[in-house]
Amino acid sequence: MASKGKGDAAQHCEAPAAEQSISAKVRQALASIDRQAPGLTYMGIGCWNAWNTIAFSGAFWLHETDNSSVTATLMMTHLLACIATLLVCALASRRTLLVFAKNRTTFAGALVASVGTLVICCARQEILPFDDLSTVFRLGCVLSGVGTTLVFFRGAALFGTLPPHRALYRLAEAVMFSAMIFLMLSACPNELATACFVLLPIAGACLFAVRSRSVGGERQVLTQTTPVSGKFATLLVSIALCSMALELIRAYILVTMPPTYSVGSITTAQLIIAPLMVVILAAILLARSQRDNFARIYSTATGVLVLLLVAIAMFSWHSTIVASIASVTCTCFNLIVWAMLFYLVFQAKANAILVVGLGNAALSAGTVVANLLTLGYLNAGIDADTMRVILAVLGIAVLFDALFVFSEKQIDAMLLPVDETAGEDVALPQKQPGKWKLACERLAAEGGLSERETEVFMQLARGRTAQEIADREVLSIYTVRAHTRSIYAKLDMHSKKELGDRIAELAK
């Protein structure tokens with residue numbers, strides 16, 4: 001009996017060890033994948049974006065040819081749930097926000113989103129045993145809104161740790177990945193495409209789970225209380241206005257067409273977006289040593305938006321080509337907005353959920369208002385002439401916003417230059433520190449740096465981050481960033497790498 005008891009005890013001890021061994025192997029496998037393909041985890045945002053593209057276009061899950069208001073209903077209900085979730089989570093406590101960095105939270109949100117998507121598809125195909133399928137359909141929209149927002153928050157935490165160039169690069173990769181998903185599913189049988197649509201949130205959660213550990217700075221961007229620029233509220237208003245205008249253009253054109261035409265225009269848009277993202281990726285790589293000129297990019301996007309608004313208001317263009325152009329412009333605008341939001345998070349080490357959550361809520365709010373106007377056009381008797389007047393007024397408002405309210409100068413003032421080589425070691429001549437110091441002093445003198453700027457400059461040249469310099473020099477982080485901006489301007493440089501290369505050249 002005693003030997004039997006010992007045997008049972010041994011089995012009980014071995015079982016947890018075996019379980020830990022399997023868990024450890026999974027973690028090691030994920031860590032290996034992450035090391036070999038560090039960009040893979042960021043493609044989770046691509047799955048999230050592909051879900052939105054499919055849901056809002058009616059591709060695969062909507063089969064009617066005479067009811068275009070179904071997609072408008074889904075979009076509005078889904079986005080209202082998204083906005084409510086974004087606002088509740090953005091205003092949550094710092095301790096609560098750490099939950100969003102956990103994979104279990106992402107998978108829980110993905111499961112809720114997939115269940116909601118399944119309910120949406122089944123309600124439209126009338127295979128559920130309920131009398132009031134419209135209420136069930138709206139319930140599915142709410143579930144998908146809450147679930148996909150929780151998945152999105154995981155991406156916000158990850159992207160918030162990236163320097164602006166890398167964040168923009170990863171975002172462009174994710175958008176290209178999203179377009180490829182849509183195009184591949186378009187070539188599949190409808191049943192398979194619909195099943196993949198249901199599973200997309202879970203696929204996104206799996207990609208996020210590749211990063212099984214918390215990346216450097218992720219905890220910080222979830223818990224920081226650093227205030228963002230006072231212009232942030234103005235940015236939110238501008239985002240909502242442009243989002244409303246873009247969505248109203250797209251919806252106004254597509255609402256009079258059957259869903260099959262809507263899907264066709266989205267497919268054309270994805271065919272344009274995929275190579276366009278390749279061009280953007282190449283441009284980012286070629287401009288690695290330069291600051292991202294978001295002010296000019298943003299103003300260009302608003303200029304294209306104004307032209308679309310004026311053209312449609314004056315000439316009443318209704319075609320899938322114009323709808324495709326509007327969809328491409330909308331995707332590019334969202335890309336710019338997300339990149340700017342992540343820029344603000346990285347620059348101020350601000351709360352990613354607060355900044356990105358409120359920014360995405362502004363995008364969603366603009367889309368909701370546009371859909372209300374579209375539903376009014378469909379059901380409340382708003383005639384075509386009135387809609388054209390609304391579009392013209394929106395065009396004037398967007399133009400006024402771009403010129404006076406949120407201009408290039410104000411964007412430049414909000415998005416300060418940041419050091420994108422933070423954490424990277426700058427090559428220093430270790431064998432001849434005397435020459436290196438003389439080279440630094442010479443460069444500082446040539447640039448006309450003040451005494452305090454020279455002190456900050458010496459720390460920058462050693463590869464230290466703004467926070468490290470602030471701690472060493474007993475300065476505020478904002479003072480260090482102001483000095484850094486002045487130093488780079490006086491020396492006509494843009495990064496630590498460029499600075500290190502120049503010092504190394506002078507030290508030879």
Side-chain angles (χ1 to χ4, degrees), residues 161-169 216-217 220 226 229 282-297 339 342-349 408-508:
T161 65
L162 296 178
H165 263 103
R166 287 173 58 195
L168 183 58
Y169 187 88
Q220 185 179 15
T226 306
S229 168
I284 295 170
L285 290 174
L286 292 173
R288 286 291 293 182
S289 63
Q290 299 178 8
R291 178 188 174 194
D292 290 311
N293 196 343
F294 282 101
R296 185 164 298 173
I297 296 171
F342 293 133
Y343 195 121
L344 285 173
V345 172
F346 183 84
Q347 170 185 292
K349 293 295 182 285
E408 286 190 26
K409 183 178 179 180
Q410 290 166 318
I411 297 173
D412 274 332
M414 185 180 68
L415 300 179
L416 301 175
V418 296
D419 181 13
E420 299 207 28
T421 60
E424 298 177 8
D425 295 327
V426 179
L428 305 178
Q430 300 294 332
K431 293 183 180 180
Q432 295 178 308
K435 287 187 177 182
W436 178 83
K437 185 175 181 181
L438 289 173
C440 289
E441 291 174 352
R442 176 183 167 186
L443 190 58
E446 289 177 356
L449 302 185
S450 67
E451 183 178 351
R452 176 59 83 180
E453 286 173 344
T454 301
E455 292 173 357
V456 174
F457 164 71
M458 297 293 284
Q459 301 294 336
L460 283 173
R462 288 184 170 89
R464 295 193 173 112
T465 65
Q467 187 60 59
E468 289 172 342
I469 296 172
D471 295 339
R472 284 174 176 269
E473 301 294 330
V474 195
L475 298 170
S476 74
I477 189 70
Y478 301 106
T479 302
V480 172
R481 288 189 180 122
H483 284 316
T484 302
R485 184 181 184 184
S486 177
I487 290 165
Y488 282 138
K490 288 181 178 181
L491 299 179
D492 193 24
M493 294 183 184
H494 305 86
S495 69
K496 272 187 191 171
K497 185 178 185 306
E498 189 176 351
L499 191 66
D501 291 344
R502 177 59 177 155
I503 293 170
E505 181 183 343
L506 292 175
K508 288 181 181 178

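Residues A167 and F342 share a closest heavy-atom pair of CB-CB, 4.4 Å. The heavy-atom pair separating I487 from E453 by the smallest distance is CD1-O, 3.2 Å. Of all the heavy atoms in A466 and V480, the pair that sits closest is O-CG1, 3.8 Å. Heavy atoms only, all atoms of each residue included: F346 and L162 are closest at CD1-O, 3.4 Å. In plain terms, the two heavy atoms of I503 and C440 that are nearest each other are CD1-SG, 3.7 Å. Of all heavy-atom pairs spanning L491 and G447, the tightest one is CD2-CA, 3.7 Å.
Applying the side chain to side chain contact (heavy atoms under 4.5 Å, CB included) test between H483 and each of L460, L449, V456 identifies V456 as the sole match.
Between the CZ atom in R502 and the CG atom in D492 there is a gap of 11.0 Å [rounded to 0.5 Å]. Note that the CZ atom of F457 and the NZ atom of K490 stand 12.5 Å from one another [nearest 0.5 Å].
R481 places a side-chain N or O within 3.5 Å of a backbone atom of Q347 that can act as its donor or acceptor partner.
Applying the side chain to side chain donor-acceptor pair (under 3.5 Å) rule to T454 yields no partners; only residues at least two apart in sequence or on another chain are considered.
A salt bridge links E446 with R442: the closest approach of a Lys/Arg side-chain nitrogen to an acidic carboxylate oxygen falls below 4.0 angstrom.
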